[in-house]
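To start, the structure itself, in structure tokens.
A note on names: the letters A, B, ... follow the listed sequences, proteins ahead of strands, and every chain is numbered from 1.
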Number of protein chains: 2
Amino acid sequence: MAKLSIKDIAQRCNTSITTVSFVLNGRADEKRISRDLKEKILKTIEDTGYKQNQFARGMRTGKTNIIGLIIEDISNVFFSAVARIIEEDAYKRGYKIIYCSTDDNTEKTKELIKLFIEQNLDGYIITPPKGLEDEIQLMINNKIPVVLFDRYFVDLETDYVVVDNFNASKKAVQHLFDSGFENIALVTTSSDQTQMVERLNGYEKTLIKNGKKPKILKIPFNQSAEENIKAISTYLKKNKELDAIFFSTNYLAFKGLEAISQLKLKIPDDLAVVAFDDQDFFRIYNPSISAIGQPVKDISLKLIDILLQKMESDEKPIEKITLSTNLIVRNSSIKVK
Amino acid sequence: MAKLSIKDIAQRCNTSITTVSFVLNGRADEKRISRDLKEKILKTIEDTGYKQNQFARGMRTGKTNIIGLIIEDISNVFFSAVARIIEEDAYKRGYKIIYCSTDDNTEKTKELIKLFIEQNLDGYIITPPKGLEDEIQLMINNKIPVVLFDRYFVDLETDYVVVDNFNASKKAVQHLFDSGFENIALVTTSSDQTQMVERLNGYEKTLIKNGKKPKILKIPFNQSAEENIKAISTYLKKNKELDAIFFSTNYLAFKGLEAISQLKLKIPDDLAVVAFDDQDFFRIYNPSISAIGQPVKDISLKLIDILLQKMESDEKPIEKITLSTNLIVRNSSIKVK
DNA sequence: TAGTTATACTAAAATGATTTAGCAACAAGA
DNA sequence: TCTTGTTGCTAAATCATTTTAGTATAACTA
């Protein structure tokens with residue numbers, strides 16, 4: 001079964017390539033192709049199983065029907081959950097997804113974006129690491145549709161979908177105060193990306209408002225898992241007065257739970273815990289862990305929606321979307337008398 | 001900055017398109033292009049930032065430099081871990097990855113494969129749901145490089161990478177017997193795919209060898225999370241004599257832990273537990289959960305390796321690779337006196 | 001009846017690469 | 001001097017589409 005081309009279809013129907021092309025692209029009525037001929041062409045396509053050659057098509061139209069998903073780490077539950085929903089929705093609308101993980105590494109991401117752009121993808125969903133302002137701006141200048149998520153650049157006019165990290169953090173910390181905990185530390189990354197800065201600010205503001213001095217442990221990004229645990233463990237040993245910890249990411253909460261477990265501290269009696277990014281694990285863990293749930297589904301659908309709109313019209317006004325989060329209170333942050 | 005074509009490069013170098021193309025494809029020496037001209041062309045490409053148009057290239061060569069990754073569920077930790085490693089390695093070797101999740105749904109997967117094939121990808125890595133024999137065979141007949149993983153079809157001559165599910169299962173169950181547990185049940189899916197059948201067989205054989213009657217709970221694939229938990233919970237209540245459970249997948253172990261926790265049973269005193277597919281969660285959970293670890297890295301690298309070899313030569317002999325697993329014994333399966 | 005308009009189609013250019021087949025110039029050998 | 005071989009390059013065909021700028025015929029209008 002040799003590969004069929006539009007030419008073969010045209011021959012079988014005693015018509016021209018042009019006419020077949022019009023029918024193929026749904027322009028039969030607009031181009032006044034008779035109903036009979038249109039039906040005949042459609043039937044021949046059906047019977048022969050002819051498929052358009054995507055290379056030739058792309059060459060003329062410049063379209064690939066592929067979206068680039070450039071995220072921090074596909075193996076992180078939060079991102080893979082987003083990837084799953086985006087994928088589902090994209091396929092329904094006729095798009096495929098190429099993904100890559102950045103590790104939040106600036107140089108690596110620049111390389112990846114260059115690679116993707118060579119491939120002429122139709123649009124991009126990106127969680128940018130720091131220092132990517134120029135690349136993003138360049139894409140915008142070249143009218144390449146881009147939507148950022150999870151974080152954004154303050155002085156860049158881009159579409160983005162993020163959550164209200166500041167208030168999420170505030171809510172979580174205030175909840176700890178309301179539950180009777182008084183010495184609340186923050187464990188976060190040493191990143192200065194918007195999402196992290198906002199989580200930190202929310203924490204600081206709430207501590208000051210409650211008349212307390214912020215206590216912050218910043219974990220560098222390039223440390224190994226063991227070093228993470230060690231750092232948290234050392235910090236806990238040095239600051240015995242702490243009775244609660246707020247973790248700013250799910251993976252730090254993981255490390256923290258390991259450290260707490262190693263130190264044989266009881267949650268919440270010795271130390272209360274709240275984490276950012278909810279997941280099954282926190283519900284099942286014993287005690288169950290309170291967490292801030294991001295609206296993964298809404299984030300994902302918004303992302304695709306904005307991106308597809310942008311791909312259809314580059315006049316679309318810029319949308320900056322901030323979604324609210326959901327504090328899920330579980331046993332790890334409720335005082336037991 | 002208008003798009004540059006190979007023609008522009010040729011003009012700037014006072015040479016022909018052909019010559020530039022030869023240099024571009026590393027055939028300069030073979031085609032006896034003089035060192036001077038080659039250098040000049042290379043420099044011009046460098047200076048102008050010219051990039052080959054992938055559509056035009058693909059049109060002639062039929063190559064996309066894209067691999068299709070068709071897996072059960074990108075949001076499942078096992079698969080996203082594999083996706084992560086495959087991605088890393090593929091990019092290093094100049095390939096990009098398009099992914100999609102099948103949900104192990106036969107019809108959906110057929111659709112997806114059709115879609116992918118239209119896109120002319122260079123090769124495929126697939127975890128096939130049942131009933132996909134014909135599609136896979138068709139791909140092989142059409143000389144499309146395919147490697148299966150996680151499961152395979154017994155009567156299909158395909159390359160695949162799987163783990164030794166039978167012996168993994170045997171090891172896990174025998175370990176429970178050796179630790180002094182006597183009434184061991186299996187909780188598995190009602191799937192008849194190779195990996196599940198082998199896990200079940202390993203369990204059954206080991207029970208019979210130890211003079212016990214197998215006790216198996218099969219959970220249908222289309223049930224909701226709540227129904228899963230309910231089913232396990234009901235089963236446990238009905239079979240009070242059980243003192244250990246072996247879960248055949250990570251997600252069933254999750255549901256099981258929830259059920260066990262709801263029934264206020266103590267692990268391992270009331271019920272010992274071993275799960276398939278290790279993950280961070282099991283190490284951190286209290287008590288830590290014994291699990292069978294799949295060699296995720298080896299699986300992923302083998303997959304890419306075989307696929308790329310197949311893409312280079314369709315004469316490559318078929319490789320059927322079975323990797324061994326690693327039983328990680330933790331507190332959930334050790335008797336406390 | 002001549003001119004206009006609508007209908008139903010099509011020839012050919014263009015997209016940007018790869019590759020086959022072959023040419024011109026010169027050197028070496030007979 | 002003629003033949004053969006080597007070096008260094010190139011013209012043109014080809015890949016499968018989309019789209020522009022038409023054409024031919026029929027129908028309608030003044």
In this structure, how many angstroms lie between the [atom2] atom of [N] and the [atom1] atom of [X], rounded?
X: Lys3(A); N: dT14(D); atom1: NZ; atom2: C1'; value: 17 Å
X: Arg60(B); N: dT18(C); atom1: CZ; atom2: P; value: 9 Å
X: Met59(B); N: dT17(D); atom1: CE; atom2: C1'; value: 6 Å
X: Ile6(A); N: dC15(D); atom1: CD1; atom2: P; value: 15 Å
X: Glu30(A); N: dT18(D); atom1: CD; atom2: P; value: 13 Å
X: Lys7(B); N: dT10(D); atom1: NZ; atom2: C1'; value: 15 Å

Contact under 4.0 Å: [X] side-chain N or O vs [N] OP1/OP2:
X: Thr61(B); N: dT18(C); answer: no
X: Asn25(A); N: dT18(D); answer: yes
X: Arg32(B); N: dT7(D); answer: yes
X: Arg27(A); N: dT19(D); answer: yes
X: Ser5(B); N: dG16(C); answer: no
X: Thr19(B); N: dC9(D); answer: no

Looking at [options], which one has an atom nearest to any side-chain atom of [X]?
X: Thr18(B); options: dA11(C), dA12(D), dC9(D); result: dA12(D)
X: Asn53(A); options: dA16(D), dC9(C), dG16(C); result: dA16(D)
X: Phe22(B); options: dT19(C), dC9(D), dT18(D); result: dT19(C)
X: Ala56(B); options: dT18(C), dG16(C), dA8(C); result: dG16(C)
X: Ile17(A); options: dA16(D), dC9(C), dT18(D); result: dT18(D)

Under 4.0 angstrom, heavy atoms only, what part of the nucleic acid is [X] near: base, sugar-phosphate, or nothing?
X: Gln54(B); value: nothing
X: Ser34(B); value: sugar-phosphate
X: Lys51(A); value: sugar-phosphate
X: Leu37(B); value: sugar-phosphate
X: Arg35(B); value: nothing
X: Arg57(B); value: sugar-phosphate
X: Lys31(B); value: base

Practice problem: Return the orientation label for the Tyr124(B) and Phe116(B) ring planes: parallel under 30°, perpendicular over 60°, tilted otherwise. | Solution: tilted

Practice problem: For the pair Phe78(B) and Phe149(B), name the ring-plane relationship: parallel under 30°, tilted 30 to 60°, perpendicular over 60°. | Solution: tilted

Quiz prompt | From Arg57(B) atom CZ to Lys63(B) atom NZ, the distance as rounded to the nearest 0.5 Å | solution = 11.0 Å

Quiz item: How far does OG1 of Thr64(A) sit from CD of Gln54(A), to the nearest 0.5 angstrom?
Solution: 9.5 Å

Exercise. Would you please test Val147(B) and Glu319(B) for side chain to side chain contact (heavy atoms under 4.5 Å, CB included) and show each step?
Key: CA-CA 9 Å; Val147(B) 187; Glu319(B) 276 184 78; over 6 Å; no

Quiz item: Do Met139(B) and Ile113(B) come within less than 4.5 Å of each other through their side chains, counting heavy atoms only?
Solution: yes

